[in-house]
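Here the structure comes first, spelled out in structure tokens, and everything after it is commentary.
Basis for what follows: all heavy atoms, side chains included, without hydrogens, waters or symmetry-related copies. Bear in mind that the values here come from a model prediction, so they are computed numbers and not experimental data.
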Amino acid sequence: MTALISSLLAAVFYLGGTLYQVRCLRQRQIASPGLLRGIGAMALVAHAVSLYVQLFTGHGLSFGFFHVSSLIAWLVIAVTLVFSLRAPVTSLLLVLFPLALITELLAWLFPGHGAATIPGKSSLLIHVLLSILAYGILTIAAFQATLLAFQDHQLKHRNPVRFNRTFPPLQTMEELLFQFLLCGEVLLTLSLISGFVFLDNMFDQSVAHKTLLSCLAWVVFGILLWGRHFRGWRGSNAIRWTLGGFILLMLAFFGSKLVSEFILPM
């Protein structure tokens, strides 16, 4: 019952925040960052209660496909709200609120299907949490890159005045993108290191594809950050490399869980 009430309450806040932003967009108004942070904070509290009930079992932490999706959505919004205190990133919530709403309800509707359970005191938990944190930050970077591409297209082909009222300038959006990428790359590095330390064999047949794809994503993001620092890469180059690295990471993170929890058991 607690999970149901908290899930529905979080869904109401996420939906309310989304509708408010859509109304502001249609009326060509700027959504209040303070109001969005308030709605987001209330949604996160309710969402956290729901996650706690779903994740913590008597045998450890349950990391099912939808549980992890919901946890990452919660983390992404939490990080975005914290960043919004010093940077204009509340525009991302127009996409993130609906995403959190969907993942949070799916986690409640489909609890623990084929979920892996990790003991609460296991050292492996450090690797898992670092991986989730890295994926969450790089997810924000992917959304930032997508909005950057859309903003660039709008400025070139449609109505730049209306769009500029909703989102920060291109230069600001680009600077924020690389801040997210740097933070995500550091966390991904720590995640890979912890995996090699705490796992018996990172190239075991069951996790080899995840390790390989994660390493490839790490290389892609590393090349992009190198190119930014030494070659001044920006614009379409930054967008393509960010989305390419994110796709690799998404296949590593969610692809294996999707196969192991939904396809193989059939």
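If you take CD1 on I39 and CG on L35, they are separated by 4.0 Å, rounding to the nearest 0.5 Å. For the atom pair CD1 of I77 and CG of L92, the computed distance is 10.5 Å after rounding to the nearest 0.5 Å. If you take CG on L182 and CG on L224, they are separated by 11.0 Å, rounding to the nearest 0.5 Å. With values rounded to the nearest 0.5 angstrom, L71 atom CG is found 15.0 Å from F66 atom CZ. For the atom pair CD1 (I193) and CG (L130), the distance works out to 10.0 Å, reported to the nearest 0.5 Å. Interatomic distance, W226 CH2 to R231 CZ, rounded to the nearest 0.5 Å: 4.0 Å.
Within the 4.5 Å cutoff, side-chain heavy atoms of I223 are placed close to those of W233. Residues Y135 and V68 fail the side-chain proximity criterion, which asks for heavy atoms closer than 4.5 Å.
At least one donor-acceptor pair under 3.5 Å links the side chain of T80 to the backbone N or O of V76. With hydrogens and angles disregarded, no donor-acceptor distance shorter than 3.5 Å links the side chain of R228 to the backbone of F178. Side-chain atoms of W241 never come within 3.5 Å of backbone atoms of F221 as a donor-acceptor pair (strictly under, hydrogens ignored). A donor-acceptor contact shorter than 3.5 Å is absent between the side chain of S191 and the backbone of L187.
Each of S69, S7, S6 was scored for a side chain to side chain donor-acceptor pair (under 3.5 Å) with E104, with one residue passing: S7.
L96 is not connected to V45 by any chain of hydrophobic side-chain contacts under 4.5 Å among Ile, Leu, Val, Met, Phe, Trp and Tyr, and they are in different clusters. Taken together through direct or relayed side-chain contacts under 4.5 Å among Ile, Leu, Val, Met, Phe, Trp and Tyr, L8 and W74 form part of one hydrophobic cluster. Linking Ile, Leu, Val, Met, Phe, Trp and Tyr whenever their side-chain heavy atoms come within less than 4.5 Å puts L138 and V219 in one cluster. The cluster map of Ile, Leu, Val, Met, Phe, Trp and Tyr, joined by side-chain heavy atoms under 4.5 Å apart, puts L105 and L44 in the same cluster. V12 and V49 are members of different hydrophobic clusters when ILVMFWY side chains are connected at heavy-atom separations under 4.5 Å.
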Discussion item. If you apply the rule side-chain contact (heavy atoms from CB on, under 4.5 Å), what do you find for Y20 with L36, and how did you get there?
Written reply: CA-CA 9 Å; Y20 167 65; L36 286 175; 3.8 Å; yes

Item to complete: List the steps and the verdict of side-chain contact (heavy atoms from CB on, under 4.5 Å) for I239 and L243.
Response: CA-CA 6 Å; I239 294 167; L243 295 180; 3.9 Å; yes

Discussion item. Checking L249 against L188 for the side-chain contact (heavy atoms from CB on, under 4.5 Å) test, could you report, in this order, the C-alpha distance in whole Å, the side-chain angles of both residues, the deciding distance, and whether it holds?
Written reply: CA-CA 10 Å; L249 199 61; L188 184 57; 4.0 Å; yes

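Y14 and H47 have perpendicular rings, their planes meeting at more than 60° on a 0 to 90° scale where under 30° would count as parallel.
Of all non-hydrogen atoms in A107 and Q54, the two that sit nearest each other are CB-OE1, 3.6 Å. When all heavy atoms of T242 and L181 are compared, the pair lying nearest together is OG1-CD1, 3.6 Å. For the pair I72 and G136, the tightest heavy-atom approach, listed with the atom from each and the gap, is CG2-CA, 4.1 Å. The shortest non-hydrogen separation linking G40 to L81 is C-CD1, 3.7 Å. Of all non-hydrogen atoms in A252 and L213, the two that sit nearest each other are CB-CB, 3.5 Å. The two residues L177 and A141 make their nearest non-hydrogen contact at CD1-O, 3.2 Å.
With hydrogens and angles left out, the side-chain atoms of R234 and N237 include no donor and acceptor closer than 3.5 Å.
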